[in-house]
**Q** 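Below you will find the structure I want to go over with you.
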Amino acid sequence: MMDSDIERVLISREAIARRVEEVARQITGDFNNHTSGQVSGAGAGGTCESPEITLVPILTGSIIFVADLIRRLPIRMQIRLVSVSSYRGAVTRAKQALIREELTMLPQSLTGEHVLVIDDILDSGQTLAMVQRLLRQKNPASLRTCVLLRKRRPEAMNFSVDYVCFDVPDEFVVGYGLDYNDYYRNLPDIVTLRPQVIHAHAPAGPEIQP
Ligand code: IMP
Ligand code: MG
C-alpha cells in the first residue's frame, strides 16, 4: 500500500491548495501590471485584444500543480508542454538533462509571447536552466519561472526564479505530481518515503526519467 510507504507528510493537501491560490493571485497581479496597456500580438489569428500568457509546464512532475494553478489564473492562455529527461539514479543528483523533442510542443518562435515556465521542483537548477535557454532562443516578450518546490540547498536557493510555492528540506520528496521511479505522483500530499522503500526499489544503474 502506498500509505505505508510514507515516512512523513511535509506539506498537506490543504496547505498546498491555500498556497497555490496565493501564488496564482500573485502571478495574475504581476501579469496584469506587466502587460497593462499592451495588446497581444501573438494570439491565434491575432483576433483577441486581451494580453495572454503562454504556460510551459515541464513534464511529468508539474502536471498536478499546473492543473490546479491554471484554474486559478483568470488570464487568456495557451499551454505548451516540454519534456525533459534526466539521466540519473532515482535519488541521485541530475547528471545530464535533455529535451525530449517527441514530447515537446513548442512552436518555432515565441516572439511577442509572455511565457511562464512551470516545474515541480528546483533541485540542481539544470532542468530549468536548460528549458530557459531553449525558450530564450525563441525570442519571447517575457520569460518567467514558477516552481512548486525549491530545495534548501545552495544550487537551488541561488538560482533565480520568479515564483516559489514552498521551500523544502534537501530530502527526496514525492506526491502531488512528484515521483520516485515514476510512482507516487498521485499522493495528494507532499511526503517523504521510508528509507526501506527507497532502498528496495533503487535501480542498479543510471536510467532515463521524464
Ligand atoms: P534539477 O534539474 O536538478 O533542478 O532537478 C529537477 C528535476 O529533478 C525535477 O523536475 C524533478 O523531476 C526531479 N527531482 C529533483 N528532486 C526531486 C525530489 O525530491 N523528488 C522527486 N523528483 C525530484
Ligand atoms: Mg521527475
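Counting convention: from 1, in listed order, for ligands and their atoms alike. In this text the structure is predicted, and so the values were computed from the model without any measurement.
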**Q** Out of Asp123, Leu122, Thr60, Leu193, indicate the one that has the non-hydrogen atom closest to atom 5 (O) of ligand 1.
**A**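 Residue with the shortest heavy-atom distance to the ligand atom: Asp123.
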**Q** How about Leu148 and Leu178: do any of their side-chain heavy atoms sit closer than 4.5 Å?
**A** yes
**Q** Do any N/O atoms on Leu178 end up under 3.5 angstrom from N/O atoms on ligand 1?
**A** no
**Q** Would Gly125 count as a contact of ligand 1 if the rule is a heavy atom under 4.0 Å away?
**A** yes
**Q** Which bit of Asp120 gets closer than 4.0 Å to ligand 1, counting heavy atoms only: side chain, backbone, both or neither?
**A**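 The side chain, only.
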**Q** Give yes or no for whether the N/O distance cutoff of 3.5 Å, strictly under, is met between Phe172 and ligand 1.
**A**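 Between Phe172 and ligand 1 (N or O atoms, distance only) the closest approach is not under 3.5 Å.
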**Q** For ligand 1, which atoms sit closer than 4.0 Å to a heavy atom of Asp119?
**A** 10 (O)
**Q** Could you report the tightest heavy-atom contact between Cys146 and Ile27, atom names first, then the distance?
**A**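 Closest pair (atom of Cys146, atom of Ile27, distance): SG-CD1, 4.2 Å.
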**Q** Parallel, tilted or perpendicular: which one describes the rings of Phe65 and Tyr176, with boundaries at 30° and 60°?
**A**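 Tilted, since the angle between the ring planes falls between 30° and 60°.
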**Q** Taking all non-hydrogen atoms of both residues, which atom of Arg80 and which atom of Pro57 are closest, and how far apart?
**A** O-CD, 3.4 Å
**Q** Which heavy atom in Arg194 sits nearest to a heavy atom in Ser4, and how many Å separate them?
**A** NH1-O, 2.9 Å
**Q** Work out whether the distance between some heavy atom of Val174 and some atom of ligand 1 is less than 4.0 Å.
**A** no
**Q** Going by the order shown, which atoms of ligand 1 are within less than 4.0 Å of some heavy atom of Lys151?
**A** 16 (N), 17 (C), 18 (C), 19 (O)
**Q** Would you say Ile11 and Asp189 make side-chain contact, with heavy atoms under 4.5 Å?
**A** no
**Q** With heavy-atom distances below 4.0 Å as the criterion, list the atoms of ligand 1 near Glu171.
**A** 19 (O)
**Q** Among Ile121, Thr192, Leu128, Leu149, whose heavy atom sits nearest atom 11 (C) of ligand 1?
**A**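 Ranked by closest heavy atom to atom 11 (C) of ligand 1, first place is Ile121.
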**Q** Test your reading of the structure: does Ser124 have an N or O sitting under 3.5 Å from an N or O of ligand 1?
**A** yes
**Q** Ile64, Leu10: one ILVMFWY side-chain cluster at the under-4.5 Å cut-off?
**A** yes
**Q** Under 4.0 Å from any heavy atom of Val173, which atoms of ligand 1 are there?
**A**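 Under 4.0 Å from Val173, ligand 1 has these atoms: 18 (C), 19 (O), 20 (N), 21 (C).
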**Q** Less than 4.5 Å apart, side chain to side chain, heavy atoms only: is that true for Val84 and Val131?
**A**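 Yes. Closest side-chain heavy atoms under 4.5 Å.
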